[in-house]
Amino acid sequence: MSIVKSIQQATIRSLHSLFENDFSEKDFQINQTKPEFEGDYTIVLFSLVKSLKLSPDEIGNKLGTELLSKQPELFSSYNIIKGFLNVTINDEYWIAFLQKNYHDICFGKQAMNGKKVMVEYSSPNTNKPLHLGHLRNNFLGWSVAEILKANGYEVLKSCIVNDRGIHICKSMIAWQLFANGATPQSTQTKGDHFVGDYYVKFNDAYKQQIAELKNKGMSEAEAEKNAPIMLQTQQMLLDWEAGKPEVMELWEKMNHWVYEGFEETYKKIGCDFDKTYYESNTYLLGKDIVQEGLQKNVFHKKDDGSVWIDLTPDGLDEKLVLRKDGTSVYITQDIGLAKQKYDQYKIDQSIYVIGDEQNYHMKVLKLIAQKLGLPYADDIYHLSYGMVELPTGKMKSREGTVVDADDIVAEMIATAKQHTEALGKVKDFSEEDLKHLYNTIGLGAMKFYLLRVDPKKKMIFNPEESIDFHGFTGPFVQYTYARIKSILRKEPTLEKNNNYSALLPLEKEVIFNLEQFPSIIIEAAKELNPSCIANYLFNVAKTFNSLYAELSISNAESHEKKQLRLYIAVMTSNVLQSGMQLLGIQMPERM
RNA sequence: GGUUCGGUAGCUCAGCUGGAUAGAGCAUCAGCCUUCUAAGCUGAGGGUCAUUGGUUCGAAUCCAAUCCGAAUCACCA
């Protein structure tokens with residue numbers, strides 16, 4: 001049980017025996033005591049003043065005395081300042097906590113709860129390489145999956161690949177027109193970048209044709225519709241849907257190039273999936289559900305044959321679910337895929353990691369599912385995250401301001417290399433170990449940077465600040481870990497010893513922080529927010545670094561103090577490691 | 001225009017189930033390596049928590065209005 005819970009229960013019991021009333025944890029608050037006051041936790045009593053008809057000081061005095069006399073093993077002293085009851089936790093309690101948990105590498109994790117969750121994330125288009133925004137998505141999805149696992153869920157990571165549609169045909173047409181048979185191999189280009197280049201070439205050619213048509217007197221809209229390259233692309237989409245062999249062959253060839261590129265990137269950044277869905281297989285799903293909806297009168301058919309749902313009573317609009325030609329739209333497929341996921345895996349919850357520009361779409365999806373009375377409707381959850389922007393504004397592929405995922409990862413790793421070499425601490429490492437270390441640090445910096453802010457907020461990616469490896473960063477936490485490991489390599493054995501003198505403030509502060517780890521993991525899962533973990537880990541590392549600077553571990557003033565600090569060091573390293581693991585970040589033994 | 005989200009230090013962000021003098025990091029300035037890794041530590045300066053009103057013992061936090069910014073409202077995906 002967490003210490004806050006223990007204090008809550010002790011307070012409830014004491015209030016009951018003092019005032020003969022029943023209280024719950026909602027009747028008072030427990031906060032961390034501010035550093036300028038003496039104590040560990042503060043019980044805020046103002047809310048009890050009315051019902052007890054006593055002043056906060058009177059309640060505080062009675063409660064403080066009662067707590068101390070009833071549970072001397074938990075509380076060692078109290079004081080009251082301006083109506084706040086500050087209690088100090090007994091050192092014995094902290095030490096017992098430390099001894100019990102310091103070696104437990106599963107500390108903070110919950111037992112399996114029998115619930116199954118699917119986390120869908122990444123969801124790339126196969127017409128261009130991944131960019132910075134995808135990285136936020138990937139790291140978020142991965143981390144949320146890990147956090148849910150730590151909370152006892154069985155987690156399935158899934159990915160829907162958007163591998164068909166007009167955007168894919170654009171790359172294909174451009175390749176046919178401009179490539180002269182070039183391939184990733186022949187040009188020494190990573191497959192996804194190769195295909196992405198043709199997507200750009202399409203847009204260049206398209207723009208040029210529009211300009212030409214406008215010169216001939218067409219309006220902008222007309223020109224956009226009638227540009228030959230666009231007409232060709234639309235024809236290709238029809239051919240694809242008809243399964244025309246040469247189109248399918250080209251499509252498969254180019255997708256294959258992209259997948260090779262993606263695989264390399266995913267491997268590099270440490271992402272994987274338990275199940276990959278391809279839109280080319282799922283885009284027809286959901287049509288049967290539309291029929292069902294028509295029968296249930298949830299949907300209605302217009303004169304032209306198109307099928308709609310009226311969501312205006314819910315404050316939304318009228319939405320199309322089936323085109324007049326009978327083909328499905330985005331939302332139709334998503335309804336179908338949601339059903340397939342549920343049928344196939346019997347999941348209890350379905351989490352979609354998708355950018356906040358699709359908030360409306362996801363709201364509609366859930367609402368339609370609810371109106372259809374689908375059993376999984378309420379278990380659809382959109383984990384919406386904000387866009388990644390540059391200090392100069394939004395990333396725009398057309399203006400060439402997109403930060404490419406492979407580029408930025410490579411840059412972070414190169415920076416890690418540069419720092420490591422400048423510091424010269426690992427000169428005895430082999431080439432292979434060095435490479436691994438640079439990856440660990442560079443990716444650690446990248447992941448931490450993208451995960452340390454609240455997912456739902458948009459974030460500014462500042463290239464200069466992001467390559468800083470000092471302060472509130474991944475390498476800072478990694479460094480703290482490596483320092484501890486360095487000590488532990490020299491001090492391998494721990495003795496059992498129960499003879500500890502009073503805790504020094506810094507010792508207590510570190511233990512105090514470590515104790516919160518389980519609560520933080522629960523909070524992170526509740527909010528689906530890895531930034532809780534990142535902020536917490538930074539705090540733990542910072543506090544430990546203060547202790548490290550002020551107090552010697554190996555040359556502690558006494559044998560007992562040395563043992564105690566070794567316990568603290570071991571537990572800190574364990575918490576840092578398992579916490580960073582929840583963010584998908586590895587820890588170096590040395591750096 | 002409707003809906004949704006956001007506005008906290010020069011910059012990037014915490015804090016938001018109401019609690020004591022609003023916190024970090026970066027940047028700036030001043031210190032600390034003959035002793036466990038200085039990717040570190042200690043300290044200083046820096047704030048009208050967008051604005052106004054309300055709720056109350058108490059508001060960055062809750063409510064309302066206003067201002068500013070973003071996303072979205074396709075027979076695109």
Side-chain angles (χ1 to χ4, degrees), chain A residues 26 29 31 33-34 36-37 42 44-47 49-50 56 81-84 86 123 125 162 164-168 279 283 302 304-308 315-325 327-331 333-334 355-361 363-364 384 386-387 389 391 394 416 419-420 422-423 425-426 441 445 449 452-454 456-462 464-466 468-480 482-491 531-532 534-535 538-539 541-542 545-556 562 565 569 590-591:
Chain A
K26 281 175 191 148
Q29 269 180 56
N31 299 334
T33 302
K34 300 234 165 194
E36 56 268 35
F37 303 102
T42 298
V44 184
L45 303 162
F46 295 97
S47 45
V49 168
K50 263 189 189 157
I81 297 168
K82 295 203 306 204
F84 294 89
N86 302 318
S123 308
N125 289 328
N162 299 309
R164 51 136 248 137
I166 193 87
H167 54 299
I168 310 296
E279 203 187 294
Y283 80 107
K302 289 198 175 171
D304 65 0
S306 57
V307 181
W308 298 75
L316 305 176
D317 306 271
E318 203 175 30
K319 291 292 290 184
L320 175 91
V321 293
L322 208 61
R323 294 192 188 100
K324 64 183 173 216
D325 62 7
T327 58
S328 58
V329 290
Y330 187 30
I331 197 89
Q333 306 168 31
D334 272 357
D356 61 7
E357 79 270 15
Q358 298 206 35
N359 284 353
Y360 181 80
H361 171 77
K363 205 168 161 183
V364 169
S384 162
M387 295 291 102
E389 295 179 8
K394 275 184 208 155
H419 279 278
T420 306
L423 291 165
K425 293 177 185 175
V426 288
I441 298 173
Y449 186 85
R452 70 183 203 187
V453 307
D454 188 337
K456 64 175 178 287
K457 290 193 180 176
K458 73 170 187 210
M459 67 179 293
I460 311 281
F461 180 86
N462 185 329
E464 275 142 49
E465 189 195 319
S466 67
D468 198 336
F469 285 12
H470 304 267
F472 186 20
T473 66
F476 175 91
V477 180
Q478 292 173 321
Y479 178 68
T480 309
R483 274 172 142 190
I484 295 174
K485 286 291 163 173
S486 170
I487 296 174
L488 297 180
R489 275 192 295 274
K490 293 166 199 156
E491 307 282 353
S531 79
C532 303
N535 280 285
F538 174 63
N539 233 336
K542 198 155 58 102
N545 280 331
S546 296
L547 180 145
Y548 182 95
E550 293 292 317
L551 305 169
S552 179
I553 296 172
S554 298
N555 298 313
K562 179 169 168 176
R565 287 177 200 159
R590 289 176 58 192
M591 67 184 277

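Below, all heavy atoms of this structure are taken into account, side chains as well, without hydrogens, waters or symmetry copies.
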In whole angstrom, give me the gap between the P atoms of B:rG10 and B:rG46.
-> 11 Å

Specify the separation, in whole Å, of atom CD of A:Gln358 and atom P of B:rA77.
-> 12 Å

pi-stack flag for A:Phe476 and B:rG40, centroid dist under 5.5 Å, interplanar under 30° | no

Tell me what A:Thr480 touches on the nucleic acid: a base, only sugar-phosphate, or nothing, going by heavy atoms under 4.0 Å.
-> nothing

Return the nucleotide paired to B:rA9: Watson-Crick means purine N1 to pyrimidine N3 with N6-O4 or O6-N4, wobble means G-U with N1-O2 and O6-N3, both under 3.5 Å.
-> none

Return the nearest nucleotide to the side chain of A:Glu357; candidates are B:rU72, B:rC75, B:rC36.
-> B:rU72

Considering just the side-chain nitrogens and oxygens of A:Lys34, establish if one lies under 4.0 Å of OP1 or OP2 belonging to B:rA20.
-> yes

Is A:Leu551 touching bases, backbone alone, or none of the nucleic acid, heavy atoms closer than 4.0 Å?
-> base

Pi stacking test for A:Phe46 and B:rG19: under 5.5 Å apart, planes under 30° | yes

Whole-Å C1' distance, B:rU61 and B:rG19 | 11 Å

Run the ring-centre check on A:Tyr449 versus A:Phe461 and record whether the distance is less than 6.0 Å.
-> yes

Between B:rA27, B:rC76, B:rC36, which one does the side chain of A:Asp468 approach most closely?
-> B:rA27

Using a 4.0 Å heavy-atom cut-off across all strands, classify A:Lys324 as base, sugar-phosphate, or nothing.
-> base

So, do A:Phe84 and A:Asn31 sit near enough that their side-chain heavy atoms are less than 4.5 Å apart?
-> no

Nearest nucleotide by nearest heavy atom, which residue falls closer to the 5' end of RNA chain B, A:Gln29 or A:Lys363?
-> A:Lys363

Can you tell me the pairing partner of B:rU4 across any strand shown, Watson-Crick or G-U wobble, with both distances under 3.5 angstrom?
-> B:rA70

What is the distance from CG of A:Asn31 to P of B:rG18, rounded to the nearest Å?
-> 11 Å

Taking the same atom, P, in B:rA24 and in B:rG15, what whole-Å distance lies between them?
-> 15 Å

Counting only N and O atoms by type, is there a donor-acceptor contact under 3.5 Å from the side chain of A:Arg565 to the main-chain atoms of A:Ser552?
-> yes

Spacing of A:His470 atom NE2 relative to B:rA38 atom P, expressed in whole Å | 13 Å

Work out which heavy atom in A:Gly355 is nearest to a heavy atom in A:Ser384; give both atom names and the distance.
-> C-OG, 4.4 Å

Paired to B:rA64 by Watson-Crick or G-U wobble criteria (both distances under 3.5 Å) is B:rU52

What is the per-nucleotide protein-contact pattern of nucleotides 5-15 of chain B, from the 5' end, where B denotes a base atom under 4.0 Å from a protein heavy atom, S denotes such proximity for sugar-phosphate atoms only, and - denotes neither?
-> --S----SSS-

Where A:Gln478 and A:Met591 come nearest, the two heavy atoms and their spacing | C-SD, 3.6 Å

For residues A:Phe37 and A:Lys82, determine if any side-chain heavy atom of one lies less than 4.5 Å from a side-chain heavy atom of the other.
-> no

Whom does B:rA30 pair with, Watson-Crick or G-U wobble, provided both distances fall under 3.5 Å?
-> B:rU42

For A:Lys490, which contact category applies under a 4.0 Å heavy-atom criterion: base, sugar-phosphate, or nothing?
-> sugar-phosphate

Once you round it to whole Å, what is the distance between P of B:rG25 and CG of A:Asn539?
-> 10 Å

Between OH of A:Tyr330 and C1' of B:rC73 the distance, given in whole Å, is 15 Å

Hey, does the side chain of A:His361 come within less than 4.0 Å of B:rU72's phosphate (OP1/OP2), counting only N and O?
-> no

Rounded to whole Å, NZ of A:Lys319 lies from C1' of B:rC73 at a distance of 8 Å

So does A:Ser554 get a side-chain nitrogen or oxygen closer than 4.0 Å to the phosphate oxygens (OP1/OP2) of B:rC36?
-> no

Answer with base, sugar-phosphate or nothing: what part of the nucleic acid does A:Ser546 contact at a heavy-atom distance below 4.0 Å?
-> sugar-phosphate

Write down the distance separating the P atoms in B:rC33 and B:rU42, rounded off to the nearest Å.
-> 15 Å

Which whole number of Å gives the distance between the P atom of B:rG43 and that of B:rC62?
-> 32 Å

Touch check for A:Ile441, heavy atoms < 4.0 angstrom, all strands: base, sugar-phosphate only, or nothing?
-> base

Report the glycosidic orientation of B:rC63: syn if within 90° of 0, anti in every other case.
-> anti

5'-most by nearest nucleotide on RNA chain B - A:Ala482 or A:Ala541 = A:Ala482

Check whether NZ of the Lys or CZ of the Arg A:Arg452 lies under 6.0 Å from the centre of the six-membered ring of A:Phe472 and within 45 degrees of that ring's axis.
-> yes

Answer yes or no: does a side-chain N or O of A:Arg483 lie under 4.0 Å from OP1 or OP2 of B:rA38?
-> yes

Would you check if there is a donor-acceptor pair between the side chains of A:His167 and A:Asn162 at a distance under 3.5 Å?
-> no

Can a side chain N or O of A:Arg489 be found less than 4.0 Å away from OP1 or OP2 on B:rC36?
-> no

Rounding to the closest angstrom, what is the interatomic distance between B:rU51 and B:rA60 at atom C1'?
-> 14 Å

Can you tell me how far P of B:rG19 sits from CD of A:Glu36, to the nearest Å?
-> 15 Å

Scan A:Tyr360 against the nucleic acid and name what it touches under 4.0 Å (heavy atoms): base, sugar-phosphate only, or nothing.
-> sugar-phosphate

Atom-pair distance (CG on A:Leu45; P on B:rA20), nearest Å | 15 Å

Does the ring of A:Phe538 meet both stacking tests against the six-membered base ring of B:rA24: centre distance under 5.5 Å and plane angle under 30°?
-> no

Mind checking whether A:Tyr479 and A:Thr473 have side chains closer than 4.5 Å, heavy atoms only?
-> no

Which part of the nucleic acid does A:Asn86 contact within heavy-atom distance under 4.0 Å: base, sugar-phosphate only, or nothing?
-> base

Heavy-atom check, side chain of A:Leu322 versus side chain of A:Ser306, under 4.5 Å = no

Please state whether the base of B:rA38 and the side chain of A:Asn545 form at least one donor-acceptor pair under 3.5 Å?
-> no

Taking the side chain as every heavy atom from C-beta outward, state whether A:Asp356 and A:Lys456 have any atom pair closer than 4.5 Å.
-> no

Taking atom C1' in both B:rA44 and B:rG54, compute the distance separating them and give it to the nearest angstrom.
-> 40 Å

For atom P, what is the distance between B:rU72 and B:rU21, given to the nearest Å?
-> 43 Å

Contact class for A:Glu491 (heavy atom, under 4.0 Å): base, sugar-phosphate, or nothing?
-> nothing

